[in-house]
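Please read the structure below before turning to the comments.
Side chains included, hydrogens not; waters and symmetry mates left out as well; all remaining heavy atoms used. Chain letters run A, B, ... following the sequence lines, proteins first and then strands; every chain starts at 1.
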2 protein chains.
Amino acid sequence: MSLDINKVVIKTSLASCFGSHFKEVEGANAFIDELAQDAEEISFEQGEYVFREKDAPEYVYIPESGSLMLERSTASGSRQVFAFLFTGNLAGLSESVSYSFSAKALTNCVVIRISRKLMQDIFDKYPSVAKRYHDVTGHILSLILDQLFIMGQKSAHQRLAHFLLDMEHRLGRGTHRFLLPMSRQDIADYLGMSLETASRGFSRLKKDGLIDIESNYHITVLDNEKLISYAD
Amino acid sequence: MSLDINKVVIKTSLASCFGSHFKEVEGANAFIDELAQDAEEISFEQGEYVFREKDAPEYVYIPESGSLMLERSTASGSRQVFAFLFTGNLAGLSESVSYSFSAKALTNCVVIRISRKLMQDIFDKYPSVAKRYHDVTGHILSLILDQLFIMGQKSAHQRLAHFLLDMEHRLGRGTHRFLLPMSRQDIADYLGMSLETASRGFSRLKKDGLIDIESNYHITVLDNEKLISYAD
DNA sequence: CGAGCCCTTGATGCATTTCAACGAATGTGG
DNA sequence: CCACATTCGTTGAAATGCATCAAGGGCTCG
């Protein structure tokens with residue numbers, strides 16, 4: 001039940017989650033001290049579930065290394081992927097009686113686990129921290145709206161182009177080359193299309209010279225502008 | 001700059017927005033008193049915009065009578081409808097620098113307009129109110145996730161059936177008959193399909209005896225169970 | 001080397017879009 | 001009060017994008 005808040009990965013994860021100027025927020029230091037006491041680092045193997053849809057939402061999770069996938073499955077076996085989470089993203093922030101999706105480890109990963117009760121206590125003491133947290137929630141809400149917009153508007157191939165641009169931005173770290181942690185099936189379930197359509201999309205973009213595919217997961221965006229105009 | 005919080009429509013709107021036991025929350029009365037002073041009732045004609053996508057998010061809005069539609073349009077003229085709002089729903093709750101969608105009046109309507117600054121002040125004083133507000137945000141987030149799930153999973157006709165069940169629930173007030181305030185085009189843009197597909201969906205459901213259509217907007221659900229299993 | 005997994009590719013069928021015409025309801029001016 | 005225009009919804013036919021079914025290829029691991 002303790003967290004080494006001086007570890008660089010933890011610092012950067014928290015900073016990216018709550019914003020770069022978080023430390024200037026009143027109560028932020030008290031919050032971080034409490035995290036040092038009560039939060040934990042937990043490791044998960046690829047394929048394990050960090051939490052499941054029906055679980056009581058006792059914790060909030062921040063990946064520190066590795067990737068998570070938020071998904072919901074139906075009785076009939078089909079699945080919707082809501083989001084892919086990387087270092088410094090946040091999962092499980094605003095659930096009430098149970099999580100409304102499951103979180104699965106896409107890779108071996110380490111996540112920071114924070115008790116929601118602890119967060120609530122801090123919020124009661126420091127409204128500024130609560131406000132910042134609410135801002136984060138609002139930001140996530142707007143990301144989901146963007147996703148909803150994309151799902152409603154675009155063709156399958158456009159959605160895929162959009163997805164690749166997002167991954168380039170989040171995984172590329174300034175370069176145009178990145179390693180996808182998820183399978184074609186995961187991507188298809190995220191974008192609401194079949195595995196085959198997703199695969200054809202990749203092939204098409206490669207054939208047209210917009211991207212390069214080295215090893216199925218190693219992608220390089222060759223022509224950013226064309227890809228953007230393709231995603232439109 | 002004042003609101004008659006003893007008016008029944010206002011009471012019920014606020015109650016439905018913040019939850020039925022809101023008054024038992026610490027600070028709720030102070031909040032309501034502040035609303036009485038600073039909030040306003042504003043009327044809009046059908047087709048007018050309550051706010052637009054790029055506006056600074058200065059206010060939160062609660063419809064008291066009539067209906068709103070939350071939408072986002074592209075430069076190319078296409079449009080995504082995010083939600084339909086009725087009495088006691090809430091719009092604009094967690095925007096940061098600008099609204100991420102526009103709110104258009106579907107009918108002549110009266111909305112309660114609340115300054116976000118006022119809400120923030122109350123939140124600083126009464127964490128319980130802030131918590132409740134955050135719960136509302138979380139609920140809306142889960143509604144959007146449901147919508148995203150539906151968009152990703154179901155066929156056009158299933159989505160329409162689902163939509164009708166939602167409207168029956170929200171507009172039917174216990175009965176199976178309701179008056180849709182939105183056009184076929186609005187429904188199509190909400191469900192991510194063409195106007196014609198939406199129309200064909202209505203025709204099909206009528207032909208199969210699941211619904212009755214009196215005047216394009218007057219719908220009666222005839223066979224609830226079949227409609228549910230159709231929506232699956 | 002063979003098994004298993006994931007991805008790719010082709011062929012076919014179906015759902016949905018698009019284009020186009022028609023019909024119903026509403027409103028306007030003569 | 002009736003022609004007329006306008007808006008909105010319905011319906012049909014053709015085109016297309018996507019899912020599905022099916023086969024094959026490449027990679028990894030034992």
For this session: Could you tell me the separation between the CZ atom of B:Arg204 and the P atom of D:dT10, rounded to a whole number of Å?
Result: 15 Å
For this session: Calculate the interatomic distance between B:Asp189 atom CG and D:dG9 atom P; express it in whole Å.
Result: 12 Å
Check the interface with nucleotides 15-25 of chain D: list each N/O to N/O pair with the protein under 3.5 Å, or write none.
| residue | atom | partner | partner atom | Å |
| --- | --- | --- | --- | --- |
| D:dC18 | OP1 | A:Ala156 | N | 2.8 |
| D:dA19 | OP1 | A:Ser194 | N | 3.3 |
| D:dA19 | OP2 | A:Ser194 | N | 3.2 |
| D:dA19 | OP2 | A:Ser194 | OG | 3.1 |
| D:dA19 | OP2 | A:Thr197 | OG1 | 2.3 |
| D:dT20 | O4 | A:Arg200 | NH2 | 2.9 |
| D:dC21 | N4 | A:Glu196 | OE2 | 3.1 |

Exercise. Do the side-chain N or O atoms of B:Ser199 get closer than 4.0 angstrom to the phosphate oxygens (OP1, OP2) of D:dT11?
Worked result: no
Exercise. Which residues satisfy the ring-ring contact (aromatic ring centres under 6.0 Å, His included) test with A:Phe149, sequence neighbours excluded?
Worked result: none
N/O-N/O pairs, protein side and nucleotides 28-30 of chain D side, under 3.5 Å:
none

Exercise. Taking the six-membered ring of A:Phe202, is NZ or CZ of A:Arg184 closer than 6.0 Å to its centre and within 45° of its axis?
Worked result: yes
Exercise. Do A:His134 and B:Thr137 have a side chain donor and acceptor closer than 3.5 Å?
Worked result: yes
Seminar exercise, completed: Axis-to-axis angle across the helix from C:dC1-D:dG30 to C:dG30-D:dC1, five pairs each end, nearest 10 degrees, ~ 30°
Exercise. For residues B:Glu48 and B:Asn108, is any side-chain donor paired with an opposing acceptor at under 3.5 Å?
Worked result: no
Exercise. How are the rings of A:Tyr61 and A:Tyr99 set to each other: parallel, tilted or perpendicular (split at 30° and 60°)?
Worked result: tilted
For this session: Start with the C-alpha gap between B:Gln153 and A:Thr74, add the side-chain angles, then the distance that decides, and say whether side chain to side chain donor-acceptor pair (under 3.5 Å) holds.
Result: CA-CA 10 Å; B:Gln153 292 291 304; A:Thr74 62; 5.0 Å; no
Seminar exercise, completed: Contacted region of DNA chain C by chain A, from 5' end to 3' end of the hits, cut-off under 4.0 Å to heavy atoms, spans C:dC6 to C:dA11
Exercise. Any ion pair linking A:Asp208 and A:Lys226 (charged N to carboxylate O, less than 4.0 Å)?
Worked result: no
Problem set entry | Test item: B:Glu64 side-chain N/O and B:Gly88 main-chain N/O as donor-acceptor pair under 3.5 Å | no
Exercise. Side chains of A:Ser2 and A:Glu40: donor-acceptor distance under 3.5 Å anywhere?
Worked result: no
Seminar exercise, completed: Whole-Å distance, B:Met182 CE to D:dC8 C1', equals 16 Å
For this session: Kindly say whether the aromatic ring centers of B:Tyr59 and B:Phe51 come within a distance under 6.0 Å.
Result: no
Exercise. Regarding B:Gln185 and B:Tyr190, is there a side-chain donor-to-acceptor distance under 3.5 Å anywhere?
Worked result: no
Exercise. Listed in order of residue number, which residues of residues 207-220 of chain B have a non-hydrogen atom at under 4.0 Å from DNA chain D?
Worked result: B:Asn216, B:Tyr217
